[in-house]
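We number each residue from 1, following the sequence as shown.
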Amino acid sequence: MDANRIWSIGAVVAMIAILVGGWFLGIQPQLDAAASAQAQRAGIQQLNAANEAALRALQADDAKKNELSDQFVQLSASVPALPQFPIFLDEVNEIATSNHVVVSNATTSSNLAYQPVAPATPQPAAGSSGASPAPTSSPTPSPSATAAPSVTAAAPVATNPLITSKNFYAVPVSFTLTGDTGSILNVVEGVQKGKRLFLINGLTTSVAPPGSTVPGVQAQVSGFIYVVRPDRSVQGAG
């Protein structure tokens with residue numbers, strides 16, 4: 001092999017070595033950097049998309065701010081942070097006056113702390129004891145399928161872990177309404193639909209006694225108003 005051929009082969013090998021070295025030392029790092037930048041760009045785009053979605057949700061909530069504030073005011077009036085029995089009684093008097101009914105003997109009792117309700121368990125349907133029938137003395141009993149006792153599904157109980165015996169309680173109240181029967185029933189309905197949440201649990205009627213300043217029917221109404229507030233010891237109504 002002559003010297004020119006050797007130099008030619010050497011030159012080709014050197015060129016290949018330069019190209020390979022240039023790839024690993026120059027081009028490949030640039031490609032890796034470009035791939036890393038592309039991955040970072042994709043991650044940033046995903047983060048921007050999530051931030052844009054959160055921003056749109058916040059803007060939608062901000063647009064409802066006045067509506068939510070109005071709802072909060074209504075709910076706070078319905079179940080306030082204090083018993084506020086005089087305010088409730090003013091509402092009862094207002095409804096009664098508009099129906100020509102007189103309110104008297106308004107009283108309130110000690111608060112009752114809320115007791116969480118345990119979920120109900122299914123109970124056997126009426127007429128089905130669930131017990132196995134006693135065996136008969138018939139020598140040749142005919143086989144028959146034993147029907148399983150039917151189970152009545154209880155209605156689901158709505159509960160909220162934020163409502164506890166430390167922040168929610170009922171205030172027993174009672175008052176007397178005097179007037180005609182129809183007007184009294186209108187007052188009872190109006191109070192239950194009033195600004196303050198009121199649950200009636202008792203209504204008895206009787207004829208006003210002789211000599212009463214207001215003739216007509218007397219109705220003794222009892223029920224509960226409610227209070228929700230930060231966790232505190234249950235106090236007396238005020």
Participant: Look up atom OG in S174 and atom CG in L203, then write down how far apart they are to the nearest 0.5 Å.
Facilitator: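 S174 OG to L203 CG: 12.5 Å, rounded to 0.5 Å.
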Participant: Indicate the atoms forming the closest heavy-atom contact of V103 with A96, along with that distance.
Facilitator: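 Closest pair (atom of V103, atom of A96, distance): CG2-CB, 3.4 Å.
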Participant: If I compare all heavy atoms of A219 with all of I184, which pair ends up nearest, and what's the gap?
Facilitator: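 Minimum heavy-atom contact is CB-CG2, 3.6 Å.
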Participant: For P172, does its backbone N or O pair with a side-chain atom of S222 as donor and acceptor, under 3.5 Å?
Facilitator: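 Between the backbone of P172 and the side chain of S222 there is no qualifying donor-acceptor contact (under 3.5 Å).
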Participant: Going by heavy atoms in the side chains, are V92 and I95 under 4.5 Å from each other?
Facilitator: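 Of all side-chain heavy-atom pairs linking I95 with V92, none is under 4.5 Å.
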Participant: Hey, any chance I200 and F85 share a hydrophobic cluster, counting ILVMFWY side chains that come within less than 4.5 Å of each other, even indirectly?
Facilitator: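 Yes; F85 is reachable from I200 via cluster members.
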Participant: Mind checking whether L112 and I163 sit in one hydrophobic cluster, side chains of I, L, V, M, F, W, Y counted as touching below 4.5 Å?
Facilitator: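 Same hydrophobic cluster.
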Participant: Which residues pass the salt bridge (Lys or Arg N to Asp or Glu O under 4.0 Å) test with E94, not counting sequence neighbours?
Facilitator: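 Once residues adjacent in sequence are excluded, E94 has no partner under the salt bridge (Lys or Arg N to Asp or Glu O under 4.0 Å) criterion.
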Participant: Between T176 and Q220, do the side chains contain a donor N or O and an acceptor N or O under 3.5 Å apart?
Facilitator: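 Looking only at side-chain atoms, T176 and Q220 do form a donor-acceptor pair, the distance falling under 3.5 Å.
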Participant: Considering residues at least two apart in sequence or located in another chain, which fulfil the side-chain contact (heavy atoms from CB on, under 4.5 Å) criterion with D90?
Facilitator: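 Partners of D90 under the side-chain contact (heavy atoms from CB on, under 4.5 Å) test: none.
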Participant: Of all residues at least two apart in sequence or in a different chain, which pass the side-chain hydrogen bond (donor to acceptor under 3.5 Å, both in side chains) check with S104?
Facilitator: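 S104 satisfies side-chain hydrogen bond (donor to acceptor under 3.5 Å, both in side chains) with no residue once adjacent residues are dropped.
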Participant: With rounding to the nearest 0.5 angstrom, report the OG1 to CG distance, T108 to L89.
Facilitator: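 Separation between the atoms: 10.5 Å.
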Participant: What is the distance from atom CG of N186 to atom CG of L177, rounded to the nearest 0.5 Å?
Facilitator: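 Output value for this atom pair is 11.0 Å.
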Participant: Show every salt bridge (Lys or Arg N to Asp or Glu O under 4.0 Å) that has at least one partner inside residues 191-206, sequence neighbours left out.
Facilitator: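 Qualifying pairs: E189-K193.
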Participant: Is there side-chain contact between V227 and F168, with heavy atoms separated by less than 4.5 Å?
Facilitator: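 A side-chain contact is absent here, since even the closest heavy-atom pair is not under 4.5 Å.
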Participant: Answer with yes or no after comparing the ring centroid distance for Y169 and Y226 against a 6.0 Å cut-off, counting only values under it.
Facilitator: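 Between Y226 and Y169, which both carry aromatic rings, the centre distance is not below 6.0 Å.
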Participant: So T205 and Q218, do their side chains get closer than 4.5 Å, heavy atoms only?
Facilitator: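 No - every pair of side-chain heavy atoms lies 4.5 Å or more apart.
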Participant: Would you mind listing every side-chain hydrogen bond (donor to acceptor under 3.5 Å, both in side chains) that reaches into residues 44-53, with sequence neighbours excluded?
Facilitator: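 Output for this query is empty, none listed.
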Participant: Can you pull out every ring pair (Phe, Tyr, Trp, His ring centres under 6.0 Å) where at least one residue sits in residues 171-204? Sequence neighbours excluded, please.
Facilitator: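 As it turns out, the ring pair (Phe, Tyr, Trp, His ring centres under 6.0 Å) pairs with a partner in residues 171-204, which skip direct neighbours, are F88-F198.
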Participant: Counting distance only, does the side-chain N/O of N167 pair as donor-acceptor with the main-chain N or O of T164 below 3.5 Å?
Facilitator: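 Yes, because the side chain of N167 sits within donor-acceptor range (under 3.5 Å) of the backbone of T164.
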Participant: Under a plain distance cut-off of 3.5 Å, with no hydrogens placed, do D180 and S183 share a side-chain donor-acceptor pair?
Facilitator: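 Judged by distance alone, the side chains do pair up.
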Participant: Membership question, hydrophobic clusters at under 4.5 Å side-chain separation (ILVMFWY): are V171 and I87 in the same one?
Facilitator: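 Hydrophobic grouping puts I87 apart from V171.
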Participant: Would you say V207 and V217 make side-chain contact, with heavy atoms under 4.5 Å?
Facilitator: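 No, every pair of side-chain atoms sits at 4.5 Å or beyond.
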Participant: With rounding to the nearest 0.5 Å, note down the distance linking OG1 in T97 to CG in N99.
Facilitator: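 Here the interatomic distance stands at 9.0 Å.
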Participant: Quick one: NE2 on H100 to OG1 on T178, what's the gap to the nearest 0.5 Å?
Facilitator: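 One finds 15.0 Å between NE2 of H100 and OG1 of T178.
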